[in-house]
Amino acid sequence: MELLTLDEQLCSHTEIERMQLADKQNINELNLPYALQRVPKIPKEAFFLDGNIFINKQQRFSPIPAHTHDFVEINYMYSGSCTQYVNDEKIELQKGHIVVMDKDVVHRVDEIGEDDILINILVHENFLSTDILFEAVQVHSIFSEFLVNAIREKSAYRNFLLIDASENTTILPVLRGMMVEHFSRKPFREEIIKNYFSIFSYEISRELEKWALEGTRNPAKPKLMEIVHYIDRHYRDATLESLAETFQYNKNYLSLKIRKELGKGFLELLNDKRLSVARKLLRESDLNTAEIAYEIGYSDPSYFYKLFKQRYKKTPFKYRNKE
């Protein structure tokens with residue numbers, strides 16, 4: 001399937017769309033129990049029969065009532081525009097915009113019209129623990145940790161990420177390539193889609209870093225992303241006091257601001273970064289546990305040992321030896 005064929009397929013009316021266009025009402029194709037539950041949950045069993053990533057076009061000509069789901073959902077505005085609500089927060093998607101939604105958010109979409117092509121990319125939680133995304137997180141900055149937290153940990157990052165990729169020359173071709181693979185149903189498509197998704201996660205992280213450095217077009221508050229970038233660069237010796245002094249905030253106010261906006265406290269963010277670096281050093285260096293603890297900023301190796309075991313459910317030694 002070529003991109004031109006993809007465009008034709010996406011613009012053509014599906015059977016559901018023809019029915020919704022004629023009847024002017026939503027066709028409940030998944031038979032969700034709206035009569036029994038005000039906000040029913042979409043069962044993941046309906047989508048992941050052939051793999052851990054499912055892609056489809058959102059049916060047009062009808063609003064999508066409020067629902068939840070126990071998988072990650074990525075919406076990509078392929079053309080046109082639409083209005084969505086995530087936990088009642090209004091989101092205006094334009095062409096080239098991407099929204100990444102956590103599990104269990106309440107999601108609904110206003111009616112989309114003829115020229116509005118919205119692509120749903122659904123990601124099973126099993127995929128999030130594969131080596132592909134795991135490796136991507138290790139070599140990325142703390143921004144990648146936020147991206148993964150947004151799709152793995154409840155209440156992190158307001159339960160969604162909104163990214164304007166309309167001017168990005170890499171992300172959109174990667175998404176289109178992923179779609180071509182999914183709809184063409186050729187051999188090895190699942191493996192190819194996994195690799196596309198890995199590239200997608202790298203590019204999203206690059207975009208978030210660029211926003212932090214430029215202070216423009218950032219879906220989060222720019223100052224906070226600058227603070228996160230500071231932690232990413234100064235994790236060995238960063239303190240709340242040094243952070244407050246650098247950004248000219250009262251220390252107590254800054255602590256509350258970070259937790260309110262990012263869903264984690266300063267110390268949690270600092271430990272996230274340090275432990276992420278520790279995993280990389282355990283895999284790629286010959287440093288012993290004490291040396292790694294000092295390298296990432298812990299003066300007490302036993303404290304590092306305790307934190308690592310609590311976070312990853314295994315000791316640094318067992319992690320290094322893949323036990």
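Note that the structure is a prediction, hence the values are computed from the model and not measured.
To the nearest 0.5 angstrom, K24 atom NZ is 14.0 Å from M19 atom CE. Atom CD1 of I204 sits about 13.0 Å away from atom CD1 of I199, to the nearest 0.5 Å. Rounding to the nearest 0.5 angstrom, the gap separating the CZ atom in R283 from the NZ atom in K322 is 8.5 Å. Of the inter-residue distances, the one linking I64 atom CD1 with L32 atom CG reads 10.0 Å to the nearest 0.5 angstrom. Distance check, rounded to the nearest 0.5 Å: CZ of R189 to CD1 of I55 gives 8.5 Å. Distance check, rounded to the nearest 0.5 Å: NE2 of H67 to CD1 of I42 gives 4.0 Å.
When atom types are taken as modelled, the side chain of S255 and the backbone of K251 share no donor-acceptor pair closer than 3.5 angstrom. Panel note: side chain D116, backbone G113; a donor-acceptor pair is recorded below 3.5 Å. Using a distance-only test at 3.5 Å, with no hydrogens or angles considered, no donor-acceptor pair links the side chain of D232 to the main chain of V228. With R320 contributing its side chain and T289 its backbone, the two residues share no donor-acceptor pair below 3.5 Å. Between the side chain of E73 and the backbone N or O of I121, no donor-acceptor pair lies under 3.5 Å. The backbone N or O of E89 lies less than 3.5 Å from no partner atom in the side chain of N87, so there is not a single donor-acceptor pair. Looking only at distances, a side-chain donor or acceptor of S79 sits under 3.5 Å from a matching main-chain atom of D115. A donor-acceptor pair is defined here as one N or O able to donate and one able to accept, closer than 3.5 Å; no such pair exists between the side chain of S276 and the backbone of D272. Without hydrogens or angle criteria, R108 side chain to Y85 main chain gives no donor-acceptor distance under 3.5 Å. Counting only distance, with no hydrogens or angles, the side chain of N195 and the backbone of E191 share a donor-acceptor pair below 3.5 Å.
The closest side-chain heavy-atom distance from N75 to I98 is not below 4.5 Å. Contact check for I119 versus I117: side-chain heavy atoms found under the 4.5 Å cut-off. Looking at L122 and V72, their side chains never come closer than 4.5 Å, going by heavy atoms from C-beta outward. Counting heavy atoms from C-beta on, the side chains of M101 and H107 come closer than 4.5 Å. Between V99 and L93, some side-chain heavy-atom pair lies under the 4.5 Å cut-off. Using a 4.5 Å heavy-atom threshold, the side chains of N120 and K57 count as separate. Between F47 and N52 there is no side-chain heavy-atom pair separated by less than 4.5 Å. Between I292 and Y305, every side-chain heavy-atom pair lies at or beyond the 4.5 Å cut-off.
Between the side chains of S242 and T239, a donor-acceptor pair is found at a separation under 3.5 Å. No side-chain N or O of S62 forms a donor-acceptor pair with one of E111 less than 3.5 Å apart. Judged by distance alone, the side chains of E190 and H182 never bring a donor and an acceptor atom under 3.5 Å apart. No donor-acceptor contact under 3.5 angstrom links the side chains of Q84 and D110, judged on distance only.
Open room surrounds CZ on F317; 12 or fewer heavy atoms of other groups in view lie less than 6.0 Å from it. Other residues, nucleotides and ligands contribute over 12 non-hydrogen atoms within 6.0 Å of the CG atom of D237. For K309, the NZ atom sits in a loose shell: 12 or fewer heavy atoms of surrounding residues, nucleotides or ligands are nearer than 6.0 Å. Sparse packing is recorded around CD of Q248, with 12 or fewer heavy atoms of other residues, nucleotides or ligands lying under 6.0 Å away. By the neighbour-count criterion of 12 heavy atoms within 6.0 Å, atom NZ of K41 is densely surrounded, having more than that number from other residues, nucleotides or ligands. Remark: E268 CD is packed, more than 12 non-hydrogen atoms of other residues, nucleotides or ligands lying under 6.0 Å away. Heavy-atom contacts from other residues, nucleotides or ligands closer than 6.0 Å to CD of E15 number 12 or fewer.
The aromatic rings of F71 and H69 sit parallel, their planes meeting at an angle under 30°, below the 60° perpendicular limit. Between Y312 and Y319, the ring-plane angle classifies as tilted under the 30° and 60° cut-offs.
Under the 4.5 Å side-chain heavy-atom criterion for ILVMFWY residues, a single connected hydrophobic cluster contains both I74 and L10. Cluster membership check: I231 shares its hydrophobic cluster with V277, using side-chain heavy-atom separations under 4.5 Å among Ile, Leu, Val, Met, Phe, Trp and Tyr.
Closest of all the heavy-atom pairs between L307 and L275 is O-CD1, 4.3 Å. The shortest non-hydrogen separation linking L270 to A238 is CD2-O, 3.7 Å. Nearest heavy atom pair, residue S81 against residue I112, reads O-CG2, 4.4 Å.
A distance below 6.0 Å separates the ring centres of Y298 and Y303. Ring-centre distance between F197 and F200: below the 6.0 Å cut-off. You'll find the ring centres of F304 and Y294 outside the 6.0 Å limit.
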Would you sort out whether Y76 and H97 count as a ring pair (Phe, Tyr, Trp, His ring centres under 6.0 Å), showing the intermediate values?
-> CA-CA 6 Å; Y76 160 42; H97 287 187; over 10 Å; no
Quick one: do H13 and F61 satisfy ring pair (Phe, Tyr, Trp, His ring centres under 6.0 Å)? Show the steps, please.
-> CA-CA 10 Å; H13 290 182; F61 313 120; 5.2 Å; yes
Please test F308 against R279 for side chain to side chain contact (heavy atoms under 4.5 Å, CB included), starting from the C-alpha separation and ending with a verdict.
-> CA-CA 9 Å; F308 193 95; R279 288 190 297 183; 3.8 Å; yes
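A salt bridge links R60 to E17: one of the charged nitrogens lies within less than 4.0 Å of a carboxylate oxygen.
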